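All figures in this text were calculated on a predicted structure; none of them were measured in a lab. Position 1 is the first residue of the sequence, and the numbers go up from there. Keep in mind that the numbers below use all heavy atoms, side chains included, and drop hydrogens, waters and symmetry copies.
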Amino acid sequence: MKRPLTLRGRLALMALATSALWIGVLTTVFNIALDKRLHGQADDVLRTRAEAVAATVDVRPDGRLVVRAPTEDRALDAGVWIFQGGTVVEKPPTAPAGLEAQAARLAGRRETFADTEGPGSWRLYAFPVDAPARQGHTPTQAGTVVSSVSLDPYRSTADTALIGSIALAVFLLATIYLLTRLVVRRALRPVAAMSEQATRWSAAGAPERFGAQCRPAELAAFATSLDALLDRLAAVLRHEQQQAAELSHELRTPLARIAAETEWLTGRPRSAEQQETSLEAIAGAAATMQQICDSLLSEVRTRNAQTPGRSRFSDIARRLAERNAALFPDAPPVTVAAGSSAPEVSIGVSEDVAERILTPLLDNARRYAAHSVTLTCEASAGEVTVYVSDDGPGVPEDFVASLFEPGRRARPEDGHDGAGLGLALARRLARAAGGDIALDTAAPGARFAVTLPAG
């Protein structure tokens, strides 16, 4: 049998299975108790009839049995034998074939029950008839009264009760199954409505929420979970929209530079020096675009989980300093300052992620530094702090609150390239890796503290 696909079907099937188990147990117990009760009634009838017949039998001093015939003895004679030893003194006018032989086997026994098997089922009972006891002697058994009763009526009653109980059980199970499906369907109607609303709201990005007020405890918890899911979906949509806007805004400047230089080159013949200068500008704009794209892709990959990996601060700092010297020979050099055990410090992120976090900070320091840019590392319990410092004018006090907002620049007219996306992306990468970036406002110039997990 296939497993039901709906929750309503599964609950109804579970209720049906449980009910079937209990009804089966109750039906079995009822029929066993009824069968024992009917057998007890048959035994009572046999014992009563045998005792009544034995009361009409007298034992003479010579040991012979004399049967006193009552006025109406048909009821007593029905299915009763009186034996003296193994000899039949009196027997019923009619008896099934073979039943007298079964009764003769009980002659001479004390109180005994026996069943016969055959076309008809009978139960027999042997009741002893004792001779009067002499003084000082034990009573002796002078004869035996054997009574019989047909078990067919009792078995017919038991069979009828069994069939009736089975039919009632089937009817009850069918009723329970149908009622359970109806009740579960009605109980789950609010859940289905909430699911439909959640699907509609999540697809349209609607601000509506379910709320846990005026709901049962189970549905209140379900509504809270759905609201949290909708909030997360809304946050993801906002993040995607913001990221697309930031990407478009940041890429617009280098794209415009490339388009302008290309148009300038193809507009009329240029000298070799002019062509070289224009091509260098195009290459620089393309490199900026590549850096922006790499930073954004790194942020997407590390958005929902901490970035695994491990790297050494000394290796990262040396590589960044050499790259800065090669790409920007006229810019202030990057100096790696020796903090406490800095060469041995391990950072709990990969080298690629660590470089993408530190590169925007170094680019920012290089633009505004007067003479030097410094990298320092300090290790503490469970985390590593990398400081990026420069001796420039620092961050204006009125711009500190907006420093990490995408697309914001403290001095747009300073002649430096960029659209203010680097610091925002660097902080996102650091937070995605389990750390953060903050500005040390007490330090001279600009000093950024990058906190990352220890490796």
Hey, are Asp352 and Arg356 close enough for a salt bridge, meaning a charged N less than 4.0 Å from a carboxylate O? yes

Exactly one of Thr175, Leu173, Leu172 should register a side-chain contact (heavy atoms from CB on, under 4.5 Å) with Ser19. Which one does? Leu173

Say whether Ser165 and Asn31, considering side chains only, have a donor N or O and an acceptor N or O under 3.5 Å apart. yes

So, Thr385 and Glu378: side-chain donor and acceptor under 3.5 Å apart, yes or no? no

Any chance you could measure Thr335, atom OG1, to Leu375, atom CG, to the nearest 0.5 Å? 9.0 Å

Check: Arg105 and Gln102 side chains under 4.5 Å, non-hydrogen atoms: yes

Please report the C-alpha distance between Glu383 and Thr451 in whole Å, then the side-chain angles of each, then the deciding distance to 0.1 Å, and finally whether the side chain to side chain donor-acceptor pair (under 3.5 Å) criterion is met. CA-CA 7 Å; Glu383 63 181 21; Thr451 303; 5.2 Å; no

Side chain to side chain contact (heavy atoms under 4.5 Å, CB included) assessment of Leu26 paired with Phe30: CA-CA 6 Å; Leu26 293 177; Phe30 167 75; over 6 Å; no

Please confirm whether the backbone N or O of Ser148 pairs with a side-chain atom of Arg49, one donor and one acceptor, at under 3.5 Å? yes

Side chain to side chain contact (heavy atoms under 4.5 Å, CB included) evaluation trace for Thr180 with Tyr177: CA-CA 5 Å; Thr180 303; Tyr177 181 74; 5.8 Å; no

Only one of Leu423, Val373, Leu320, Asp390 clears side-chain contact (heavy atoms from CB on, under 4.5 Å) with Leu361; which? Leu423

Between Leu151 and Asp115, is any pair of side-chain heavy atoms under 4.5 Å apart? yes

Restricting to non-hydrogen atoms, name the atom on Ala369 and the atom on Pro332 that form the minimum distance, rounded to 0.1 Å. O-CG, 3.8 Å

Mark yes or no: Arg47 above the aromatic ring of Phe127, with NZ or CZ under 6.0 Å from the six-membered ring centre and no more than 45 degrees from the axis. no

Any non-hydrogen side-chain atom of Tyr387 less than 4.5 Å from a side-chain atom of Arg447? yes

Smallest separation among heavy atoms of Ala354 and Ser311, with atom names: CB-OG, 4.4 Å

Would a 4.5 Å heavy-atom cut-off, applied to side chains only, mark Arg312 and Ile316 as touching? no

How far apart are the closest heavy atoms of Val384 and Cys377, and which atoms are they? CG1-SG, 3.3 Å

Residues Thr277, Gln274; criterion side chain to side chain contact (heavy atoms under 4.5 Å, CB included); working and verdict: CA-CA 5 Å; Thr277 301; Gln274 290 175 334; 5.7 Å; no

Can you find a heavy atom in the side chain of Leu452 that is under 4.5 Å from one in the side chain of Val450? yes

Nearest heavy-atom pair of Ala326 and Pro329: which atoms, and what distance? O-CD, 4.0 Å

Enter the distance from Leu362:CG to Arg367:CZ here, rounded to the nearest 0.5 Å. 11.0 Å

Distance col, row Tyr125:OH vs Asp43:CG, nearest 0.5 angstrom, shows 9.5 Å

So how far is it from Leu38 CG to Tyr154 OH, rounded to the nearest 0.5 Å? 8.0 Å

Which heavy atom of Ile437 sits nearest to which heavy atom of Ala430, and what is that distance? CG1-CB, 3.8 Å

What's the separation between atom CH2 in Trp264 and atom CD in Gln275, rounded to the nearest 0.5 Å? 8.0 Å

Can we say Arg323 and Glu355 salt-bridge, meaning some charged N sits less than 4.0 Å from an Asp/Glu carboxylate O? yes

Looking at OG1 of Thr112 and CG of Leu124, how far apart are the two atoms once the value is rounded to the nearest 0.5 Å? 11.0 Å

Is it true that Glu351 and Arg319 have a side-chain N and a carboxylate O under 4.0 angstrom from each other? yes

Can you find a pair of side-chain heavy atoms, one from Phe448 and one from Asp440, that are under 4.5 Å apart? no

Using side-chain heavy atoms (C-beta onward) and a distance below 4.5 Å, is Ile357 in contact with Val386? no

Which heavy atom in Pro333 sits nearest to a heavy atom in His371, and how many Å separate them? CD-O, 3.7 Å

Using a strict threshold of under 4.0 Å (side-chain N to carboxylate O), is an ion pair present between Arg366 and Asp363? yes

Does the pair Phe113 and Leu46 meet the rule for a side chain to side chain contact (heavy atoms under 4.5 Å, CB included), with working shown? CA-CA 9 Å; Phe113 288 97; Leu46 289 172; 4.3 Å; yes

Set out, in order, the CA-CA distance, both residues' side-chain angles and the distance that settles side chain to side chain donor-acceptor pair (under 3.5 Å) for Ser350 and Arg310, then state yes or no. CA-CA 5 Å; Ser350 65; Arg310 188 179 182 185; over 6 Å; no

Is the closest side-chain heavy-atom distance between Pro92 and Val80 below 4.5 Å? no

So, Ser156 side chain and Asp152 main chain: donor-acceptor pair closer than 3.5 Å or not? no

